[in-house]
Amino acid sequence: MQRLFTGLQPSGTLHIGNYFGALKQTAELLKNSDGLVMIADYHALTTLKEPAQLRENIAGVVRDYVAVGVDPKKSIIFQQSSNPAHTELAWIFDCLVTVPFLMQAHAYKDKVAKGLEANAGLFTYPMLMAADILLYDTDIVPVGADQKQHVEYAREAAMKFNAAFGETFKEPKEKILDSVAVVPGTDGKKMSKSYGNTIPLFGTKDEIQKAVMSIVTDSKAESPENVYNIHKLFRSGESLAALYKENKGKYKALKDALIEDIETLVGPMRERRASVTDADVKRILEDGGERARERAEKKMADVRAKVGVTL
Ligand code: ADP
Ligand code: TRP
């Protein structure tokens with residue numbers, strides 16, 4: 001069975017773009033994989049400096065994964081910080097790569113280009129991510145297109161280590177999630193938390209209603225294009241075409257239908273999410289952390305011996 005590894009930063013609430021672009025496919029892939037799903041809390045620390053917020057977000061991600069159908073008994077859901085092997089291996093990789101090599105990373109370059117100050121954690125971010133992936137002999141890494149370069153860095157780290165100390169790490173492949181193209185937001189542009197045009201995935205029915213009602217429509221058109229483009233994610237070809245034909249020019253009716261269709265999909269997931277108690281979250285993370293540590297330990301013993309820190 002293929003080994004799958006993916007990670008998500010605990011940095012905010014999910015929208016339906018995240019669901020159709022990433023989470024849905026990850027949950028499906030996990031059904032037929034030996035999978036690990038990591039909450040990248042130490043990566044989040046490169047930008048988030050609010051302990052209460054971080055804590056809340058970490059628990060939120062566990063609930064999100066369970067809600068979209070990841071089974072914590074089958075897959076390992078764990079926190080990066082609960083397995084010290086990640087930061088340990090990242091340090092070893094830091095000592096193998098050069099400063100100019102890390103300077104090519106998009107995340108770092110973009111920040112500097114915007115005139116923002118980058119902390120050293122952001123600079124070495126790719127090596128922590130390489131450690132995440134390589135520790136577990138990962139075959140595939142499902143991620144959004146923006147993370148492709150990071151998986152390339154992981155392959156580079158594997159090659160550099162193998163060349164220096166002998167064959168140790170498997171070279172992973174990214175699986176770019178072909179995000180039902182790009183899910184558009186309420187203004188027709190790419191849905192993104194940074195544009196304020198999102199429909200929340202686990203919002204209340206009221207919040208979803210409010211977001212749908214705010215979808216921008218062109219008063220001259222027969223069919224509200226922005227509504228339709230979101231609606232097609234929830235309803236398939238024929239029935240969608242019939243609905244839009246029947247309600248030509250009736251924007252309110254079409255938006256109401258979209259709200260109902262979102263509710264049909266999201267309602268049961270929202271319920272499942274709400275049924276995950278604080279004690280469940282704690283148990284899932286403790287169990288996941290233990291299983292992740294157990295798997296990484298053999299690899300780390302080999303790595304320590306190879307670099308020469310064990311006598
Ligand atoms: P945001 O743009 O809201 O900050 P993130 O960058 O946190 O979203 O995205 C997390 C995941 O969700 C990524 O894998 C990304 O590819 C996917 N994703 C985000 N927005 C969309 C969208 N509008 N359409 C498709 N996939 C998306
Ligand atoms: N960098 C990823 C993001 O921001 C999160 C992440 C951390 C990750 N470690 C990972 C993703 C390992 C895949 C594999 O989305």
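This chain uses plain numbering: 1 for the first residue, then up along the sequence. Counting starts at 1 for both ligands and their atoms, following the listed order. Keep in mind the model is a prediction, meaning the values are calculated, not measured.
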Could you tell me if the ring centre of Tyr244 sits under 6.0 Å from that of Tyr228? yes
Considering only heavy atoms, does His15 approach ligand 1 within less than 4.0 Å through its side chain, its backbone, both, or neither? side chain
Just so I know, are the side chains of Leu201 and Val266 near enough to count as touching, which here means a heavy-atom distance under 4.5 Å? yes
Where do Thr46 and Gly121 come nearest, in terms of heavy atoms and distance? CG2-C, 3.7 Å
His150, any N or O under 3.5 Å of ligand 2 N or O: no
Per-residue contact class, Ala22 against ligand 1 - non-hydrogen pairs under 4.0 Å: side chain
Numbered atoms and elements of ligand 2 in range of Ile133, under 4.0 angstrom, heavy atoms: 12 (C), 14 (C)
Judged by modelled atom types alone, do Thr277 and Asp280 share a side-chain donor-acceptor pair under 3.5 Å? yes
The atoms of ligand 2 lying under 4.0 Å from a heavy atom of Gln147, numbered in the order shown, are 1 (N), 2 (C), 3 (C), 4 (O), 15 (O)
Within the 3.5 Å criterion, strictly below it, is a donor on Gln79 or Asp41 matched to an acceptor on the partner's side chain? yes
Where's the contact between Asp146 and ligand 2, heavy-atom distance under 4.0 Å: side chain, backbone, both or neither? neither
Pair His86 + Phe78: ring centers closer than 6.0 Å: yes
Strictly under 6.0 Å, is that where the ring centroids of Phe20 and Phe234 end up? yes
Could you tell me, atom by atom, which parts of ligand 2 come under 4.0 Å of a heavy atom of Phe5? 12 (C), 14 (C)
Which heavy atom of the protein is the closest neighbour of atom 13 (C) of ligand 2, given with residue, atom name and distance? Gly7 N, 3.3 Å
among protein heavy atoms, the one nearest atom 1 (N) of ligand 2 is Tyr125 OH, 2.7 Å
Is Gln80 in contact with ligand 2, taking contact as a heavy-atom separation below 4.0 Å? no
Ala40 neighbourhood, listing ligand 2 atoms whose heavy-atom distance to it stays under 4.0 Å: 7 (C)
May I ask which of Asn18, Thr6, Leu233 has a heavy atom nearer to atom 11 (C) of ligand 1 than the others do? Asn18
Considering the heavy atoms of Gly144, write down every atom of ligand 1 situated less than 4.0 Å from one of them. 14 (O), 16 (O)
Ligand-side contact atoms (ligand 2) for residue partner Val143, heavy atom cut-off under 4.0 Å: 11 (C), 13 (C)
Using a strict 4.0 Å cut-off to heavy atoms of Asp132, name the atoms of ligand 2 that fall inside it. 7 (C), 9 (N), 10 (C)
Taking only non-hydrogen atoms of Met191 and a 4.0 Å limit, the atoms of ligand 1 in range are 20 (N), 21 (C), 22 (C), 23 (N)
Pairwise side-chain contact, Val66 with Arg273, heavy-atom cut-off 4.5 Å (strictly under): no
What atoms of ligand 2 come within less than 4.0 Å of a heavy atom belonging to Val141? 13 (C), 14 (C)
Between ligand 1 and Ala145, is the shortest N or O to N or O distance under 3.5 Å? no
Close-contact set for ligand 2 against His43 heavy atoms, below 4.0 Å: 7 (C), 9 (N)
Just by distance, with hydrogens left out, do Thr138 and Lys170 show a side-chain donor and acceptor under 3.5 Å apart? no
Within the structure provided, determine whether Arg63 and Arg272 are in side-chain contact (heavy-atom separation under 4.5 Å). no
Using a 4.0 Å cut-off to any heavy atom of Lys190, which atoms of ligand 1 qualify? 2 (O), 20 (N), 23 (N)
With hydrophobic residues grouped by side-chain heavy-atom distances under 4.5 Å, do Trp91 and Ile133 end up in a single group? no
If we ignore angles and hydrogens, is there a donor and acceptor under 3.5 Å between the side chains of Gln2 and Asp34? no
